[in-house]
S.K.: 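Before we start, here is the structure in question, set down as structure tokens.
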Protein chains: 2
Amino acid sequence: MDLLARRLQERAKQLGISNAEAARRVGLEERRYAHYASGRREPDLATLVRIAATLGTTPNWLLGVPAGPDIDADVSTLVERFAYAANSMSLRELELCVIQAEAVAAAPRK
Amino acid sequence: MDLLARRLQERAKQLGISNAEAARRVGLEERRYAHYASGRREPDLATLVRIAATLGTTPNWLLGVPAGPDIDADVSTLVERFAYAANSMSLRELELCVIQAEAVAAAPRK
DNA sequence: GCGGAAACACTACATATTGTTCCTATATCA
DNA sequence: TGATATAGGAACAATATGTAGTGTTTCCGC
């Protein structure tokens, strides 16, 4: 399986949507998107960018390019997801999410 | 002119090399690379990644994807706070925070 | 149990796009 | 002048893509 395909599957799972739903959101025909998600075909660059934007990720992540040199890949991926989700929130909601996260970070470890 | 083409030209200039030299470094035939650098053709995804790596950039930059999806200053400040808090969390905790944030973002507005 | 919708895999083919070759032109330098 | 390097145009065979048809499996309401 191709890396892009795995990432598309993974991202859909993260968002809790089916590939067909992802296709609809991106504005592509189901079958066409299914080709990308199965690794049989590759999208052109403009389509890649649109898919990444719609799914709340970046071409870098879809193509398996590490975000930063020193940063932990898993952490930065999760922070990116948060940053994207932040755009769909009101400022107040975002603030509450951050407060909650800071509380989690400050919670005593066992 | 295509964006990728402009970025390739810009990057070559930054590195102080010709397009032909860039082609050699990436390991592509001059003519083929020249097509990318002129916007007449698009590379496949694997080639794009290789070009980006060789030229010391990323697919995101070559495709013009902004570093951070957020634009608002208040939003990016809060995201930064989150990123800082993320360092004090376990990966699992961070993941749960992100899932929670995504759920908030996806919740219907009144 | 049954019908229908949804998701996904496989095949096929006309079309569009690419990789490559051949050719021309300009600039630089020995 | 001759040699070398870079850049780009035109054209064609090879390749990859978009789309359609078909079939299978799973799930859900009745």
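Numbers restart at 1 for each chain; the letters A, B, ... are given by sequence-line order, proteins then strands.
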S.K.: So, using salt bridge (charged side-chain N to carboxylate O under 4.0 Å, His left out) as the criterion, who are the partners of B/Arg81 when residues are at least two apart?
M.R.: A/Glu102

S.K.: Under 4.0 Å from any heavy atom of chain B: name the first and the last nucleotide of DNA chain C that qualifies, 5' to 3'.
M.R.: C/dT18 to C/dT21

S.K.: Name all pairs fulfilling the salt bridge (charged side-chain N to carboxylate O under 4.0 Å, His left out) condition that reach into residues 8-18 of chain B, sequence neighbours left out, sorted by first residue then second.
M.R.: B/Arg7-B/Glu10

S.K.: Using a cut-off of under 3.5 Å, enumerate the N/O to N/O pairs linking the protein to nucleotides 22-24 of chain D.
M.R.:
none

S.K.: Please report the end-to-end axis angle for the helix from C/dG1-D/dC30 to C/dA30-D/dT1, five pairs per end, rounded to 10 degrees.
M.R.: 30°

S.K.: For A/Tyr33, enumerate each residue passing the ring pair (Phe, Tyr, Trp, His ring centres under 6.0 Å) test, keeping only those at least two apart in sequence or located in another chain.
M.R.: none

S.K.: Could you tell me which residues satisfy salt bridge (charged side-chain N to carboxylate O under 4.0 Å, His left out) with A/Asp74, sequence neighbours excluded, listed by chain and number?
M.R.: none

S.K.: To the nearest 0.5 Å, what is the distance between CD1 (B/Ile99) and CG (A/Leu78)?
M.R.: 8.5 Å

S.K.: Return whichever of A/Glu30 or B/Tyr36 has its heavy-atom-nearest nucleotide of DNA chain C closer to the 5' end.
M.R.: A/Glu30

S.K.: I need the CD-P distance between B/Glu42 and D/dT17, as an integer number of Å.
M.R.: 12 Å

S.K.: Report the distance from atom OH of B/Tyr33 to atom P of D/dG8, rounded to the nearest whole Å.
M.R.: 12 Å

S.K.: Using salt bridge (charged side-chain N to carboxylate O under 4.0 Å, His left out) as the criterion, list what pairs up with A/Arg24, not counting sequence neighbours.
M.R.: A/Glu21, A/Glu30

S.K.: With sequence neighbours left out, which residue pairs that include part of residues 52-64 of chain A fulfil the salt bridge (charged side-chain N to carboxylate O under 4.0 Å, His left out) condition?
M.R.: none

S.K.: Using a strict heavy-atom distance below 4.0 Å, which residues from residues 16-24 of chain B are in contact with DNA chain D?
M.R.: B/Ser18, B/Asn19, B/Ala20, B/Arg24

S.K.: Which atom names give the shortest non-hydrogen contact between A/Ala101 and B/Cys97, and what distance separates them?
M.R.: CA-SG, 4.0 Å

S.K.: Working to the nearest 0.5 Å, report the span between OG1 of A/Thr57 and CD of A/Glu80.
M.R.: 8.0 Å

S.K.: Assuming nearest nucleotide by heavy-atom distance, tell me which of A/Arg32 and B/Ala34 is located more 5' along DNA chain D.
M.R.: B/Ala34

S.K.: If you define the side chain from C-beta out and look only at heavy atoms, does anything of A/Leu63 sit under 4.5 Å from B/Leu48?
M.R.: yes

S.K.: For B/Asn87, what residues pass the side-chain hydrogen bond (donor to acceptor under 3.5 Å, both in side chains) criterion, not counting sequence neighbours?
M.R.: none

S.K.: Between A/Leu45 (CG) and D/dA16 (C1'), how many Å, whole number?
M.R.: 14 Å

S.K.: Can you tell me the distance, in whole Å, between the CZ atom of B/Arg41 and the C1' atom of D/dT17?
M.R.: 15 Å

S.K.: Quickly work out the A/Asp44 CG to D/dT15 C1' distance and round it to whole Å.
M.R.: 16 Å

S.K.: What is the separation between atom CZ on A/Arg40 and atom P on D/dT17, rounded to the nearest whole Å?
M.R.: 12 Å

S.K.: Salt bridge check: are B/Arg41 and A/Asp44 linked by an N-O gap of less than 4.0 Å?
M.R.: no

S.K.: Only counting residues at least two apart or in another chain, list the ones meeting ring pair (Phe, Tyr, Trp, His ring centres under 6.0 Å) with A/Phe82.
M.R.: B/Phe82

